[in-house]
Amino acid sequence: MQTVKTLQMLRTALAQLRGGSGARIALVPTMGALHEGHLTLVRRARAEADHVVASIFVNPKQFGPNEDLDAYPRQLAADAAMLEAEGVALLWAPDVTAMYPPGFATNVSVAGVSEGLCGAARPGHFDGVATVVLKLFNQVAPDMAFFGEKDFQQLAVIRAMARDLDLTAPHVEAIIGVPTVREADGLAMSSRNRYLSPEERAAAAVLPRALADAAQTITDGLQPVWLAKAVVEDELQIAGFRLDYIEVVDAETLAPIEALADRPARILVAARIGGTRLIDNMAINPAV
Ligand code: PAF
């Protein structure tokens, strides 16, 4: 696996990878601090493309002023070893100046899907995500790109941006969402789980359990949406969480819904335990 840190080196390496035969390239964008969730994206990407390009870039534009940019774990050598072991061909690991040279002045903002949920609690976050993902798409020009469903709103924002800016086929042929990878007790894998104390980590298992129960009771029509959300809120409060939001939304538009229609829906939650903000989501009526 080759690691490149400048756009010039990236372009040369990509030209070599593509060769004359037009080999198909998959992109797995990450911020590093890799775990099994990221490696699952890489494995899916390997199964679908000839070569996998991974990126590691801790994107300052998606962190708010009081967020964990400085504390965000950085472990490039360990991450590179994991990616190499998974058969990644090329690692794009620019520094901040390579990604945002002096004078960089563009912001990509996707209205609608960015606005509620995490967008409300983290102003500017999804602009930062959309801006860097658009740059990554332009830099790597992948045939397909892989993102985890754990960041469900992020995936919706990226899909909306790709649709609106005509980044879909034949440019980025597919944006593929990969189901969340979970620990044995159900907690969604996240680079931020390492911030949890042992007590917080034990309590955190309540979050996926409460969410799964709510998703099931709503799907089965046993409780109205408002009641299922209130039950999750109570369970999280008892476990020591401070709720940021719990919402049931249309899976595509992310518009809140109060009753199930004949369309896929999703229940999403964000809550803080100690100093750590956890997010999770699950499908409702997955059979639709
Ligand atoms: O999900 C992430 O790790 C980041 O938001 C992404 C998509 C790599 C953009 O920085």
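Whatever order the structure lists them in is the order used to number ligands and atoms, beginning at 1. When a residue number appears, it is its place in the shown sequence, counting from 1.
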- Message: Distance alone, cut at 3.5 Å: any donor-acceptor contact between the side chains of Asn59 and Gln62?
- Response: yes
- Should Asp95 and Lys5 count as side-chain neighbours, where that means a heavy-atom distance under 4.5 Å? no
- Short N/O distance, under 3.5 Å, between Thr30 and ligand 1? no
- Message: Considering both backbone and side-chain atoms of Gln62, is one of its nitrogen or oxygen atoms within less than 3.5 Å of a nitrogen or oxygen in ligand 1?
- Response: yes
- Identify, by atom number and element, the atoms of ligand 1 in contact range of Val132, meaning under 4.0 Å from any of its heavy atoms. 9 (C), 10 (O)
- Query: Just checking, is any N or O donor in the side chain of Glu258 or Trp226 under 3.5 Å from an acceptor N or O on the other one?
  - Reply: no
- Atoms of ligand 1 close to Gln154 [distance to a heavy atom under 4.0 angstrom, numbered from 1]: 1 (O), 2 (C), 4 (C), 5 (O), 7 (C)
- Looking only at heavy atoms, the pair that brings Ala228 and Thr217 closest together is CB-OG1, 4.2 Å
- Query: Under 4.0 Å from any heavy atom of Pro29, which atoms of ligand 1 are there?
  - Reply: 8 (C)
- Message: So, using salt bridge (charged side-chain N to carboxylate O under 4.0 Å, His left out) as the criterion, who are the partners of Arg159 when residues are at least two apart?
- Response: none
